[in-house]
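Shown next, in structure tokens, is the structure this report addresses.
Hydrogens, waters and symmetry mates are skipped; everything else that's a heavy atom, side chains included, is used.
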Amino acid sequence: MSTANADVPVRDRNTWLWEPRPAGAERRATLVVLPHAGGLAQGYAKWARWFPEDVRIVAAQYPGRGPRYGEEAARSMADLAEPLAEALAEETELHLFGHSLGALIGFEVCWLLARRGRPVRAFYPSAAPAPHIRQDSVPVPAEPSDAELVESLVERGGMDRAALEHPELLELVLEACRADREVTLSYRYGTERRVLDCPVVAFGGTTDAAVAPTGVARWPELTTGPGEVHLLDGGHFYINDHMEAVTGRIRRQMAV
């Protein structure tokens, strides 16, 4: 990623990362939040309320949506994980939280950073099955119609109903969701046994119709370090009702 103009602040120059608030003068840790399929970085602005000013909060901004809507959307995991790892390579005391698709992206970013000798301090996957348990033999589901995709998003709680009233906004959301769906369906953990060394603290919803709790429970298998699983009441977006519990666990890990 180019950093040619040294006079432009990093936060303005790096289109992959968005900060909901200015970083404090004394920073002890950075938490990067990786959005779900179809999600915007701005949708995670509220995370800043749950952390003190000495924790820098950053949300990933995927291409093809929000301020980057004019760019071509990513179509593969490499298109997302590799530039994000590059953008985060100089961070210290880095913590990664990823929800749904963001959890899969997060694992790959953690892996790439570890190979660069820049391991994260901890990884927090949410509402996603551990990638190594996926079976390639599972048939690829048929492409959903717009109506089916909207119904699925509303049912899971991942779409603001206000978007349904604005056709242009709805079209952008659906385009982003279809691109992210392609990333998800084409993603493979691979035949090589790949595990992290950092703590992995996984979260999931007990009634998530999209992700079985048993799949979430296997995330600790992907680290040689400590592993935990926290299943909370709710569906795919259980986190909307459990911000205090999730962010509280992350804050405690930052204190270790």
Side-chain angles (χ1 to χ4, degrees), residues 20 31-51 55 57-60 62 65 95-107 122-134 141 144 147-164 170 173-174 176-177 180-181 183-185 187 199-223 226-254:
L31 173 65
V32 176
V33 182
L34 303 171
H36 58 280
L40 300 175
Q42 288 73 17
Y44 289 81
K46 64 183 179 181
W47 278 68
R49 307 173 194 167
W50 295 93
F51 292 88
V55 175
I57 304 297
V58 180
Y62 306 149
R65 68 209 67 193
H95 294 246
L96 257 67
F97 174 95
H99 186 76
S100 196
L101 171 61
L104 303 180
I105 298 171
F107 174 79
F123 174 44
Y124 313 91
S126 167
H132 67 305
I133 65 175
R134 181 173 178 176
E148 290 171 334
L149 190 53
V150 168
E151 181 181 358
S152 175
L153 289 170
V154 171
E155 181 180 331
R156 293 184 186 183
M159 172 176 281
D160 187 341
R161 291 183 180 274
L164 300 176
L170 179 59
V173 171
L174 293 179
C177 286
D180 290 347
R181 182 176 184 273
V183 172
T184 301
L185 292 177
Y187 171 61
V200 171
V201 182
F203 300 92
T206 56
T207 58
D208 188 342
V211 179
T214 53
V216 176
R218 294 188 61 181
W219 274 102
E221 297 175 14
L222 292 182
T223 182
E228 297 178 17
V229 178
H230 299 271
L231 297 175
L232 304 169
D233 291 341
H236 197 60
F237 286 89
Y238 72 91
I239 193 169
N240 292 335
D241 297 320
H242 296 285
M243 283 294 294
E244 183 174 2
V246 173
T247 57
R249 180 62 190 87
I250 295 173
R251 289 195 304 272
R252 291 195 299 275
Q253 187 64 43
M254 287 180 171

*Which is it for His99 and His236 under the ring pair (Phe, Tyr, Trp, His ring centres under 6.0 Å) test, yes or no, and what are the steps along the way?*
CA-CA 9 Å; His99 186 76; His236 197 60; 5.5 Å; yes

*Excluding sequence neighbours, so at least two apart, what forms salt bridge (charged side-chain N to carboxylate O under 4.0 Å, His left out) with Arg218?*
Glu221

*Using the test side chain to side chain donor-acceptor pair (under 3.5 Å), find all partners of Arg249 that sit at least two apart in sequence or belong to another chain.*
Glu228, Gln253

*Under 30°, 30 to 60°, or over 60°: which ring-plane class applies to Phe123 and Trp219, parallel, tilted or perpendicular?*
perpendicular

*Would you confirm whether Thr207, through its side chain, and Gly234, through its main-chain N or O, come within 3.5 Å as a donor-acceptor pair?*
yes

_Angle between ring planes, Trp47 versus Tyr44, binned at 30° and 60°: parallel, tilted or perpendicular?_
tilted

*side-chain contact (heavy atoms from CB on, under 4.5 Å) between Val211 and Val216: does it pass, once the steps are laid out?*
CA-CA 7 Å; Val211 179; Val216 176; 3.7 Å; yes

*Do Pro220 and Val229 come within less than 4.5 Å of each other through their side chains, counting heavy atoms only?*
yes

*Please check if the side chain of Arg251 supplies one atom and the backbone of Trp50 the other of a donor-acceptor pair under 3.5 Å.*
yes

_Taking the side chain as everything from C-beta on, heavy atoms only, tell me whether Val246 gets closer than 4.5 Å to Leu232._
yes

*Between Phe203 and Phe97, what is the ring plane arrangement, given parallel below 30°, perpendicular above 60°, and tilted in between?*
tilted

*Quick one: are Leu34 and Tyr62 in side-chain contact, heavy atoms under 4.5 Å?*
yes

*From Leu96 CG over to Phe107 CZ, what is the distance, rounded to the nearest 0.5 angstrom?*
12.5 Å

*Indicate the atoms forming the closest heavy-atom contact of Tyr124 with His95, along with that distance.*
OH-ND1, 2.7 Å

*asked:* Quick check: do Val200 and Leu222 have side-chain heavy atoms less than 4.5 Å from each other?
replied: no

*asked:* Distance check, rounded to the nearest 0.5 Å: Thr247 atom OG1 versus Arg252 atom CZ?
replied: 9.5 Å

*Decide yes or no for Asp241 and Asp233: does some side-chain heavy atom of the first lie under 4.5 Å from some side-chain heavy atom of the second?*
no

*Derivation of the side-chain contact (heavy atoms from CB on, under 4.5 Å) call for Asn240 and Lys46*: CA-CA 10 Å; Asn240 292 335; Lys46 64 183 179 181; 3.6 Å; yes

*Which atom pair, heavy atoms only, marks the closest approach of Gly205 to Pro213?*
O-CG, 3.9 Å

*Pair Thr206-Tyr238, side-chain donor/acceptor within less than 3.5 Å*: no

_Heavy-atom pair with the smallest gap, counting every atom of Pro20 and Ala48_ = CG-CB, 3.9 Å

_Nearest heavy atoms of Ala60 and Ala41, plus distance in Å_ = O-CB, 3.3 Å

*His36 versus Asp180: any side-chain heavy-atom pair under 4.5 Å?*
no

*Between Val58 and Leu31, does a side-chain contact (heavy atoms from CB on, under 4.5 Å) hold up when you go through it step by step?*
CA-CA 6 Å; Val58 180; Leu31 173 65; over 6 Å; no

*Please name the pair of heavy atoms, one in Ile133 and one in Pro129, separated by the smallest distance, quoted to 0.1 Å.*
CD1-CB, 4.2 Å

*Output the distance between atom CG (Asp208) and atom OG (Ser126), rounded to the nearest 0.5 Å.*
9.0 Å

